[in-house]
2 protein chains.
Amino acid sequence: MILSEIADIKQTPQRLAIIEYLESNKVHPSALDVYKAVSERFPTMSFATVYNTLEKLKEKGLLIELSIDTGKKRFDCDTRPHHHLICVKCREIFDVFTDFILELPEDEFHGFDIIGNHVDFYGICKKCKEIEGSDLELNKD
Amino acid sequence: MILSEIADIKQTPQRLAIIEYLESNKVHPSALDVYKAVSERFPTMSFATVYNTLEKLKEKGLLIELSIDTGKKRFDCDTRPHHHLICVKCREIFDVFTDFILELPEDEFHGFDIIGNHVDFYGICKKCKEIEGSDLELNKD
DNA sequence: GAAAAATTTGAATTTAATATAATTTTTAAA
DNA sequence: TTTAAAAATTATATTAAATTCAAATTTTTC
């Protein structure tokens with residue numbers, strides 16, 4: 001996200017703090033994550049401001065809403081086309097920038113106009129593998 | 001889902017009604033959808049029974065929980081490996097049974113053990129295209 | 001500098017999910 | 001067949017995330 005791209009959105013201190021947080025990490029945070037992080041620096045900030053800002057950025061196409069977690073939305077400020085690698089244990093999400101050619105055969109179109117695709121790779125991340133390993137040592141459940 | 005597969009789950013009338021509903025449609029319903037449909041025939045049935053049953057079927061691997069909608073879980077009783085085609089307007093979901101070869105290059109592994117993948121195709125379904133068309137005729141917003 | 005517009009805040013509301021305790025049903029043993 | 005234990009269902013309560021809204025504040029425009 002480039003500042004010039006948000007020229008038509010009023011750059012309030014709260015919004016800049018939210019954008020800065022979104023850009024400074026790769027965790028694909030939830031609205032609550034954003035609120036927690038930003039309200040440390042802006043103790044008076046309201047949850048509604050976080051929601052409003054995320055919604056506004058989404059409208060402008062500067063932020064992508066992910067429905068990877070059931071129960072809560074997560075946000076990705078990298079709007080370049082890319083895929084995801086998701087840990088099935090801790091739900092950590094990594095970006096995948098390899099491009100895949102995915103041609104859907106005509107007979108699977110179901111009458112749709114197709115506009116895009118997205119691949120989720122599933123697996124177990126390094127951290128969770130280590131935890132799992134030590135769990136097994138201690139307690140073979 | 002085959003009845004023999006649920007041999008180790010007690011087959012109560014409520015559960016059978018839920019399973020029958022899940023198998024009789026292709027809409028990938030939410031828990032609320034299931035409750036609404038099944039409680040027409042079982043007016044006394046509680047929401048908790050729907051949740052418990054869905055959870056139990058999920059545990060047994062007879063049902064897949066989809067996180068395609070933000071805000072609510074949706075369920076797919078077709079446990080064969082397959083992908084999805086999703087309408088970005090109405091969130092209707094169609095199944096895609098084409099198999100794609102998706103080799104993630106080593107340098108994108110991020111230390112994961114990879115166990116699977118899933119492709120979502122996005123587009124606009126027939127119904128929504130028609131609505132959009134007639135909307136444009138009536139009211140060019 | 002005043003009026004209008006936009007944003008932020010704090011609180012309330014809604015929706016989906018989950019948990020719990022009491023009742024009912026089923027199972028299995030005597 | 002009766003009865004105790006286990007399991008499932010129900011109705012209700014609680015929690016979590018999302019959304020809405022009016023009042024207060026800030027910014028913009030004239």
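When reading the values below, keep in mind they use all heavy atoms of this one structure, side chains included, and skip hydrogens, waters and symmetry mates. Note on naming: letters A, B, ... go to the chains in the order of the sequence lines (proteins, then strands), and numbering restarts at 1 for each one.
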Chemist: Nearest whole Å is fine: how far is dT19(D) C1' from Leu54(A) CG?
Modeler: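 Interatomic distance, CG of Leu54(A) to C1' of dT19(D): 13 Å.
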Chemist: Atom CG of Leu16(B) to atom P of dA8(D): distance rounded to whole Å?
Modeler: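 The distance from CG of Leu16(B) to P of dA8(D) comes to 13 Å, rounded to the nearest Å.
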Chemist: Hey, is the main chain of Val27(B) close enough, under 3.5 Å, to the side chain of Arg74(B) for a donor-acceptor pair?
Modeler: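 Side chain of Arg74(B) to backbone of Val27(B): a pair is present.
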Chemist: How does protein reach along nucleotides 22-30 of chain D, written 5' to 3' as B (base within reach of a heavy atom under 4.0 Å), S (only sugar-phosphate), or - (no contact)?
Modeler: ------S--
Chemist: Answer yes or no: does a side-chain N or O of Gln11(B) lie under 4.0 Å from OP1 or OP2 of dT26(C)?
Modeler: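 False: Gln11(B) side-chain N/O out of range (4.0 Å or more) of dT26(C) OP1/OP2.
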Chemist: Among residues two or more places apart or on two chains, list those pairs meeting salt bridge (charged side-chain N to carboxylate O under 4.0 Å, His left out) that have a residue in residues 109-119 of chain A.
Modeler: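 Output for this query lists Asp113(A)-Lys129(B).
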Chemist: Rounded to 10°, tell me the angle between the two end axes of the helix from dG1(C)-dC30(D) to dA30(C)-dT1(D), each built from five pairs.
Modeler: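 Terminal axis comparison yields 20°.
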Chemist: Send over the distance from Arg15(A) CZ to dT8(C) C1', rounded to a whole Å.
Modeler: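 Computing the Arg15(A):CZ to dT8(C):C1' distance gives 9 Å.
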Chemist: I need the residues from residues 28-49 of chain A with at least one non-hydrogen atom less than 4.0 Å from DNA chain C; give them sorted by number, or say none.
Modeler: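 Contacts with DNA chain C under 4.0 Å: Thr44(A), Met45(A), Ser46(A), Ala48(A), Thr49(A).
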Chemist: For Ile101(B), what are the other residues in its hydrophobic cluster, where any two members join if their side-chain heavy atoms are less than 4.5 angstrom apart?
Modeler: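 Answer for Ile101(B): none, a lone residue.
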Chemist: Going by the ring-ring contact (aromatic ring centres under 6.0 Å, His included) test, which pairs reach into residues 48-69 of chain B, not counting sequence neighbours?
Modeler: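 Residue pairs with at least one partner in residues 48-69 of chain B: Phe47(B)-Tyr51(B).
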Chemist: More than 12 heavy atoms of other residues, nucleotides or ligands under 6.0 Å from NZ of Lys127(B): yes or no?
Modeler: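 It does not: Lys127(B) NZ has 12 such atoms or fewer within range.
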Chemist: Is there any side-chain hydrogen bond (donor to acceptor under 3.5 Å, both in side chains) pair reaching into residues 33-50 of chain A, and which pairs are they, with sequence neighbours excluded?
Modeler: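 Pairs touching residues 33-50 of chain A that pass the test: Ser30(A)-Asp33(A).
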Chemist: Under the side-chain hydrogen bond (donor to acceptor under 3.5 Å, both in side chains) definition, can you give me all pairs with a residue in residues 89-108 of chain A, not counting sequence neighbours?
Modeler: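 For residues 89-108 of chain A, and leaving out neighbouring residues, the side-chain hydrogen bond (donor to acceptor under 3.5 Å, both in side chains) pairs sorted by first residue read His28(A)-Asp95(A), Asp69(A)-Arg91(A), His82(A)-Asp95(A), His84(A)-Asp95(A), Lys89(A)-Glu132(A), Thr98(A)-Glu108(B), Glu108(A)-Thr98(B).
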Chemist: Going by salt bridge (charged side-chain N to carboxylate O under 4.0 Å, His left out), name the residues that satisfy it together with Lys73(B), two or more places apart in sequence or in a different chain.
Modeler: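 Per chain and number, Lys73(B) pairs via salt bridge (charged side-chain N to carboxylate O under 4.0 Å, His left out) with Glu65(B).
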Chemist: Roughly how many Å is it from CD1 in Ile19(B) to P in dA8(D), rounded to a whole number?
Modeler: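 Value for this atom pair: 13 Å.
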Chemist: Taking salt bridge (charged side-chain N to carboxylate O under 4.0 Å, His left out) as the test, write out the residues that go with Arg15(B), two or more places apart.
Modeler: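 So Arg15(B) forms no salt bridge (charged side-chain N to carboxylate O under 4.0 Å, His left out) with any residue.
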Chemist: OP1, OP2 of dT18(C) versus side-chain N and O of Tyr51(B): anything below 4.0 Å?
Modeler: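 No, outside the criterion.
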Chemist: Residues two or more places apart in sequence or in another chain: which of them pass ring-ring contact (aromatic ring centres under 6.0 Å, His included) with Phe75(A)?
Modeler: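 Counting only residues at least two positions away or on another chain, Phe75(A) forms no ring-ring contact (aromatic ring centres under 6.0 Å, His included).
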Chemist: Any side-chain N or O of Lys72(B) under 4.0 Å from OP1/OP2 of dT18(C)?
Modeler: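 Checking dT18(C) against Lys72(B), no side-chain N or O comes under 4.0 Å of OP1 or OP2.
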Chemist: What is the separation between atom CD1 on Ile9(B) and atom P on dT26(C), rounded to the nearest whole Å?
Modeler: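 That distance rounds to 17 Å.
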Chemist: Could you identify which residues cluster with Val96(A), counting Ile, Leu, Val, Met, Phe, Trp and Tyr as linked when any side-chain heavy atoms lie under 4.5 Å apart, either directly or through a chain of such contacts?
Modeler: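 Val96(A) clusters with Leu85(A), Phe94(A), Phe100(A), Leu102(A), Leu104(A), Phe109(A), Phe112(A), Ile114(A), Val119(A), Phe121(A), Leu85(B), Phe94(B), Val96(B), Phe100(B), Leu102(B), Leu104(B), Phe109(B), Phe112(B), Ile114(B), Val119(B), Phe121(B).
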Chemist: Given that Lys73(A) and Gln14(B) both sit by DNA chain D, which one's nearest nucleotide is further toward the 5' end?
Modeler: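 Upstream on the strand: Gln14(B).
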Chemist: Could you tell me how far apart Asp69(A) (CG) and dA16(C) (P) are, to the nearest whole angstrom?
Modeler: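 Atom-to-atom, Asp69(A) to dA16(C), this comes out as 18 Å.
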